[in-house]
Enquirer: 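Please see the structure below; I have some questions.
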There are 2 protein chains.
Amino acid sequence: MVAENPRRAQIRREAARLFAERGFLGVGVDEIGRAVGISGPGLYRHFAGKDAMLADLLIGISERLLDQGRRRVDGADDPRAALESLLQGHIDFALDESALITLHDRELLNLPDKERRQVRSLQRQYVELWVGVARDVFPGLGEEARPAVHAVFGLLNSTPHSAAVGPSGADHPAGRAAMAELLHRLALGALGAAAETGPTA
Amino acid sequence: MVAENPRRAQIRREAARLFAERGFLGVGVDEIGRAVGISGPGLYRHFAGKDAMLADLLIGISERLLDQGRRRVDGADDPRAALESLLQGHIDFALDESALITLHDRELLNLPDKERRQVRSLQRQYVELWVGVARDVFPGLGEEARPAVHAVFGLLNSTPHSAAVGPSGADHPAGRAAMAELLHRLALGALGAAAETGPTA
DNA sequence: TGAGCCTGTGAACGATCGTTAACTTATACG
DNA sequence: CGTATAAGTTAACGATCGTTCACAGGCTCA
């Protein structure tokens, strides 16, 4: 870690915003350049190409989610606390970095094979982390734990769609804190209901 | 209704599949043509352009969802039955037409202004239909009914992501029926939890 | 001072893409 | 029979896009 190039960070931020707004293929390199104050080809001094920018963003977010999730589970006193912590972490992420969350499951198909496999692997590990914790908290979940966790992700990640995404990300209809609390309750309610009367298969 | 052109229906089907697989901007007209056995420019005998194909798909699905939803609510004996029916209808849609569900909230930004406004209007009416019913069933839901409904849509529409989408759509991990049942329970559990102890604001 | 790197520029390239044009074939019909 | 229409074809167009190239200014440092 050697004091990350600030220009690279700026490009990342603007590219994420533009990709989320109009899609990876809908944004040209000249436009990304203009957003950071340089011209299109100048970006190639900082990234190997447009694909590399998307790969950097998607791998970065996948690693951050997984690392944060592992740290939270390891630091929790019991399964219930682990689930609560996972939830809070993911909700914070969805509310504060909605552009990245959007890209995370919308632009995977635009990645080159190698990087796509890497992101998928990280995503899979993150899901398994949740599945393990969910099974501990809700023993009633059997074979359905994995699809239930996937559905909960869909629920949590839906926030970018439910409000126009402002620059600060703080303009959710009911306020950020209220939205976080609501998502928390929705997710727990869903998992709890999946565990009740579900087949033990 | 004058016996819809079968070639148009074929183009719609293949275009929906390709757009869902690789994105609207990631698919060329030549490829769509090849999928239906003609060549690229031949498509222009059936659609005004590529944009028109996407518009046809998105407007079509939005209208079908809204029409079906209204019919189901009108035909229900009580609010609870209306919610159950809305749920079943949307789940059937998500499971049987996962390609369209994917496009529905992924490719809106690629529509021309006029058509995008039309789809947004239909979507808004569909959401309001759900919000009304959800408020009747769960009086505890106040201001949070709308974001909660949005989140439930995210949950239900997540199914395309949780399994590789087979041609028949019937290859969900736990079987179609089990998946439908699980989604039903998850959605009801989420809404119920949102209504409990939630601010009445 | 001057050599070398870092970061930027504008011009140009090759490829791809949506669309149009000109033309052909087959079918339906008065 | 003759003709209008529907549904294809290939060729070509203009535009856009990602990327490369050749070059220039400025900073560091021996």
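This structure is a prediction, so every number in the text was calculated from the model and none was measured. Convention: sequence-line order gives letters A, B, ...; per-chain numbering from 1.
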Enquirer: Please report, rounded to the nearest Å, how far the C1' atom of D/dT9 is from the OH atom of B/Tyr44.
Expert: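 Answer to the nearest Å: 15 Å.
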
Enquirer: By the 4.0 Å heavy-atom rule, please label B/Val36 as base, sugar-phosphate, or nothing.
Expert: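 Nothing: the residue B/Val36, judged by heavy atoms under 4.0 Å, touches no strand.
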
Enquirer: Select base, sugar-phosphate, or nothing to describe what A/Gly40 touches, counting heavy atoms under 4.0 Å on all strands.
Expert: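 Nothing, no heavy atom under 4.0 Å.
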
Enquirer: Is there a side-chain contact between A/Arg7 and the phosphate of C/dG8, meaning an N or O under 4.0 Å from OP1 or OP2?
Expert: yes

Enquirer: Which nucleotide, C/dG10, C/dG8, C/dG18, lies nearest any side-chain atom of B/Val29?
Expert: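 My answer, after comparing the listed nucleotides, is C/dG18.
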
Enquirer: Heavy-atom nearest nucleotide on DNA chain C for A/Gly42 versus B/Gly49: which residue maps closer to 5'?
Expert: A/Gly42

Enquirer: May I ask you to decide if A/Leu86's main-chain N or O and A/Arg72's side chain share a donor-acceptor pair within less than 3.5 Å?
Expert: no

Enquirer: Within the pair A/His46 and C/dC6, is there a side-chain N or O less than 4.0 Å away from OP1 or OP2?
Expert: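 For C/dC6, neither OP1 nor OP2 has a side-chain N or O of A/His46 closer than 4.0 Å.
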
Enquirer: Roughly, in whole Å, what's the span from CZ in B/Arg45 to C1' in C/dC23?
Expert: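 That distance rounds to 10 Å.
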
Enquirer: Round to the nearest Å and state the distance from B/Phe24 atom CZ to C/dT16 atom C1'.
Expert: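 Result: 15 Å.
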
Enquirer: Judged by modelled atom types alone, do B/His184 and B/Glu84 share a side-chain donor-acceptor pair under 3.5 Å?
Expert: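 Per modelled atom types, B/His184 and B/Glu84 side chains form a pair under 3.5 Å.
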
Enquirer: Write down the distance between CD1 (A/Ile32) and C1' (D/dG18), rounded to a whole number of angstrom.
Expert: 11 Å

Enquirer: For B/Arg120 and B/Gln123, does a side-chain donor sit closer than 3.5 Å to a side-chain acceptor?
Expert: no

Enquirer: Give a yes or no on whether the backbone of B/Val36 and the side-chain of B/Glu14 come within a donor-acceptor separation of less than 3.5 Å.
Expert: no

Enquirer: Separation of A/Arg22 atom CZ from D/dT16 atom P, in whole Å?
Expert: 14 Å

Enquirer: Would you say the ring centroid of A/Tyr126 lies under 6.0 angstrom from that of A/His104?
Expert: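 No, the ring centres sit 6.0 Å or more apart.
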
Enquirer: If I take atom CD in residue B/Gln10 and atom P in nucleotide D/dG8, what distance separates them, rounded to the nearest angstrom?
Expert: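 After rounding, the reported distance stands at 9 Å.
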
Enquirer: Choose from D/dT19, D/dT9, C/dG18 the nucleotide whose nearest atom is closest to any side-chain atom of A/Pro41.
Expert: D/dT19

Enquirer: Atom CG of B/Asp30 and atom P of D/dT9: how far apart are they, to the nearest Å?
Expert: 11 Å

Enquirer: Report the distance from atom CG of B/Asp51 to atom P of C/dG18, rounded to the nearest whole Å.
Expert: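 After rounding, the gap between these two atoms is 10 Å.
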
Enquirer: Under 4.0 Å between any heavy atoms, over every strand shown, what does A/Gly28 touch: base, sugar-phosphate, or nothing? Just pick one.
Expert: sugar-phosphate

